[in-house]
Chemist: 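This is the structure I have questions about; it appears just below.
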2 protein chains.
Amino acid sequence: MAAVSVRDVAVRAGVSVGTVSNVMNHPEKVSRAVVTRVQDAIEHLGFIRNDAARQLRAGHSKTIGLIVLDARNPFFTDVARGAEDKAADAGLTVILGNSDENTARESTYLDLFEQQRVHGVLISPYADITSRLRRLRDRGIPAVLVDRTSVDLSFSSVSVDDLAGGRVAVEHLIAQGRRRLAFIGGPMAIRQVTDRLEGARRAVAVNRDVYLEVIEIEALSVIAGRTAGAEIVARPLAQRPDAIFAANDLVAMGVLQALMMQGAHVNVPAEIALIGYDDIDFASAAVVPMSSIRQPSALIGATAVEILLEEAADPTIEPRQVVFQPELVVRASTRG
Amino acid sequence: MAAVSVRDVAVRAGVSVGTVSNVMNHPEKVSRAVVTRVQDAIEHLGFIRNDAARQLRAGHSKTIGLIVLDARNPFFTDVARGAEDKAADAGLTVILGNSDENTARESTYLDLFEQQRVHGVLISPYADITSRLRRLRDRGIPAVLVDRTSVDLSFSSVSVDDLAGGRVAVEHLIAQGRRRLAFIGGPMAIRQVTDRLEGARRAVAVNRDVYLEVIEIEALSVIAGRTAGAEIVARPLAQRPDAIFAANDLVAMGVLQALMMQGAHVNVPAEIALIGYDDIDFASAAVVPMSSIRQPSALIGATAVEILLEEAADPTIEPRQVVFQPELVVRASTRG
DNA sequence: GTGTCACTATAAATCGATTCAATCCGCGGG
DNA sequence: CCCGCGGATTGAATCGATTTATAGTGACAC
């Protein structure tokens with residue numbers, strides 16, 4: 001097995017291992033001639049340094065751990081992309097863990113990241129893990145919450161104002177003349193869901209004649225949305241809402257499919273207006289292009305990495321709460 | 001900084017570091033009493049072993065590197081999921097790299113994985129990287145190609161018969177009575193695209209009266225599909241195809257949206273039948289549920305990991321080519 | 001009482017890159 | 001001609017977990 005180490009490079013270049021290391025990490029300390037000689041040797045032998053050894057000495061790795069609630073949700077894919085790009089600028093890599101809204105998986109990934117002595121952790125938490133994060137921080141691994149604020153503000157966070165988002169969505173529906181609204185979302189254990197619902201409630205509260213029905217579902221998925229949509233289609237016309245606010249776009253797409261299905265054929269938006277949340281790519285690509293609440297997903301990821309790097313560099317820094325404002329995107333599904 | 005090492009655990013348990021290591025890795029070599037004493041100490045101190053040190057000694061890490069062409073494509077997400085689950089069974093983790101059909105990014109991830117001395121590499125290659133993979137193998141890092149067969153069969157691969165898939169899709173369209181077909185896909189540098197097209201051509205070849213038009217697009221994305229679809233809608237009726245085979249579901253969804261857009265309102269499938277490829281979740285959730293060619297994506301990932309582990313355990317093993325057969329899924333978009 | 005066997009536990013060596021104190025070299029100033 | 005200075009280079013120590021050869025312990029047979 002032809003494992004090439006600094007030692008081999010050193011021998012071939014006729015220098016010491018220390019010099020080889022310097023060529024790679026502090027080239028300004030080494031003479032021009034030696035630099036090229038060593039680089040030739042590296043090139044010729046195809047030397048690739050052993051990260052484990054480097055990490056062991058450094059005390060921490062050049063990776064950032066990111067734990068998301070659902071790797072298949074385009075919103076998180078976008079967050080991850082933003083984080084990756086920002087991290088790459090600093091020479092770091094992001095490893096992605098998918099907790100799948102599962103406490104055990106979440107905990108496993110935290111263990112894994114601690115074993116790897118990652119540079120820092122970005123997490124969209126599911127369970128209450130503040131004590132776990134506190135321990136990580138005590139050991140020099142900072143953490144930043146993503147898409148959620150920390151309960152006690154002892155950690156930095158980057159999130160979007162879900163309350164405002166919920167309010168804006170429903171205000172828009174009301175402005176379009178809708179009065180019998182339905183909120184479809186769940187499970188209520190997820191903070192984003194309850195926040196969006198609360199925002200919706202507040203918008204409704206200032207209008208006497210508007211009614212808001214809440215339909216709770218098992219998961220924020222296309223399938224769950226379709227089921228809820230089918231239930232609405234099955235109702236007599238008079239009992240149907242005239243507008244639906246779905247907790248995210250996946251749910252909204254499921255609802256849309258149920259509404260337009262063979263046989264049902266509810267006219268969107270004439271009979272029922274529909275608005276989602278997240279503004280994923282598929283939202284604009286839906287048959288009835290869907291109104292949605294846009295979150296600056298890539299920016300969220302990038303900002304989180306930025307804060308993480310600051311905290312890694314200076315652990316005494318004060319935690320910061322960054323809250324982005326969401327943006328209403330009006331498309332055909334609520335127009336008219 | 002309270003970094004806890006085996007040494008601290010050893011002191012607290014009143015044993016040597018070697019014994020602590022044995023408790024974790026070869027508990028059968030240690031007496032009951034000592035095992036519990038050490039475990040208590042580990043628990044109490046919150047010890048989490050340093051992976052870098054472990055890796056350094058072992059010579060390779062407990063991670064598998066996976067490089068995909070497009071992390072946002074649900075097909076690859078599913079492949080990744082299958083790989084993750086299988087890897088987890090063996091106590092390994094998967095790190096995901098997104099080459100984004102970009103030679104530089106692909107190469108960067110290969111470097112990264114080699115630095116990390118990963119257990120093995122799974123890759124859906126973009127550029128020709130056989131020589132790179134050969135070097136990895138010489139250094140004890142096996143590689144398995146995913147969704148693509150190796151040119152010279154010197155590497156194992158797990159793929160789906162794209163030729164058969166293309167043929168089956170078009171045979172189905174022809175069986176439905178369609179004669180003026182269009183294939184929408186690209187870029188032609190991607191093997192899967194050309195294979196599916198070639199399969200389509202063969203199905204057409206045996207039918208004298210069937211015509212196949214090829215519309216090349218820039219990328220396998222919703223947007224590119226929408227653009228191509230708009231172009232078709234703009235044609236006079238007589239020049240439109242009566243059936244479209246899209247190179248994947250993302251493209252098909254774009255096409256579908258263009259066909260059904262405000263003003264266009266082409267009836268699918270009455271006027272134009274539409275079939276995609278991959279059978280992603282969104283395909284069945286589309287307004288006109290979309291026919292597609294299903295690939296056993298999670299199984300592909302799982303199988304690839306399986307082969308990788310075999311090769312890692314015994315490097316002298318012969319490379320294997322596993323080819324799954326795709327499956328036609330008929331839904332409303334081609335029925336009638 | 002001694003030798004042997006079977007367990008346990010220990011100490012030291014090891015993996016490979018980095019770092020820092022020590023050394024070397026060449027050259028200008030005294 | 002020697003000293004001293006500064007930049008270049010070296011080599012040994014280091015990170016922490018694993019492993020291997022070694023030593024310790026007790027039981028048991030002779």
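Order of the sequence lines fixes the chain letters, A, B, ..., with proteins taken first and strands second; residue numbering starts at 1 for each chain.
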Chemist: Would a 4.5 Å heavy-atom cut-off, applied to side chains only, mark B/Arg137 and B/Pro142 as touching?
Modeler: no
Chemist: Tell me which residues in residues 110-118 of chain B lie within less than 4.0 Å of DNA chain D, going by non-hydrogen atoms.
Modeler: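 None - not one residue of the stretch has a heavy atom sitting under 4.0 Å from the strand.
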Chemist: Taking it one step at a time, do B/Leu96 and B/Glu84 satisfy side-chain contact (heavy atoms from CB on, under 4.5 Å)?
Modeler: CA-CA 10 Å; B/Leu96 186 70; B/Glu84 268 173 36; over 6 Å; no
Chemist: Please tabulate, one pair per line, each protein N/O and nucleotide N/O from nucleotides 18-20 of chain D that are separated by under 3.5 Å, including the distance.
Modeler:
residue, atom, partner, partner atom, Å
D/dT18, OP1, B/Asn25, ND2, 3.3
D/dT18, OP1, B/Arg54, NH1, 2.9
D/dT18, OP2, B/Ser21, OG, 3.3
D/dT18, OP2, B/Asn25, ND2, 3.0
D/dT18, O2, B/Arg57, NH1, 2.9
D/dT19, OP2, B/His26, NE2, 3.3
D/dT19, O4', B/Arg57, NH1, 3.0

Chemist: Could you give all pairs that pass the ring-ring contact (aromatic ring centres under 6.0 Å, His included) test and reach residues 30-69 of chain A, with sequence neighbours left out?
Modeler: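 The answer is A/His60-A/His119.
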Chemist: Any side-chain heavy-atom pair from B/Leu69 and B/Phe76 closer than 4.5 angstrom?
Modeler: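 Touching, per the 4.5 Å side-chain cut-off.
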Chemist: In whole Å, I'd like the distance from the CD1 atom of B/Ile42 to the P atom of D/dA17.
Modeler: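 Spelled out: CD1 on B/Ile42 to P on D/dA17 is 10 Å.
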Chemist: Give a yes or no answer on whether the side chain of B/Thr19 reaches the backbone of B/Val15 with a donor-acceptor pair at less than 3.5 Å.
Modeler: no
Chemist: Using a 4.0 Å cut-off to any heavy atom of chain A, which nucleotides of DNA chain C are the first and last in contact, reading 5' to 3'?
Modeler: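 It runs C/dG16 to C/dT19.
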Chemist: Going by salt bridge (charged side-chain N to carboxylate O under 4.0 Å, His left out), name the pairs with one or both residues in residues 116-135 of chain B, residues two or more places apart or in two chains.
Modeler: B/Asp111-B/Arg132, B/Glu114-B/Arg132, B/Glu114-B/Arg135, B/Arg134-B/Asp152
Chemist: Rounded to the nearest 0.5 Å, how far apart are CG of A/Asp78 and CD1 of A/Ile280?
Modeler: 9.0 Å
Chemist: Treating B/Thr77 as the side-chain partner and B/Asn73 as the backbone partner, does any N or O pair qualify as donor plus acceptor under 3.5 Å?
Modeler: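 A pair under 3.5 Å: yes.
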Chemist: Test side-chain contact (heavy atoms from CB on, under 4.5 Å) on B/Arg81 and A/Asp100 and set out the steps.
Modeler: CA-CA 11 Å; B/Arg81 175 65 71 95; A/Asp100 238 347; 3.2 Å; yes
Chemist: When the C1' atoms of the five terminal pairs at each end define the local axes, what inter-axis angle does the helix from C/dG1-D/dC30 to C/dG30-D/dC1 show, to 10 degrees?
Modeler: 70°
Chemist: Quick check: closest heavy atoms across A/Glu106 and A/Ser124, and the distance to 0.1 Å?
Modeler: OE2-O, 4.2 Å
Chemist: Is a side-chain N or O of B/Gln192 found less than 3.5 angstrom from the main chain of B/Asp147, in a donor-acceptor match?
Modeler: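 The answer is yes, because a donor-acceptor pair under 3.5 Å joins these two groups.
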Chemist: Would you check if the side chain of B/Asp314 reaches a backbone N or O of B/Glu311 as a donor-acceptor pair within less than 3.5 Å?
Modeler: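 Absent.
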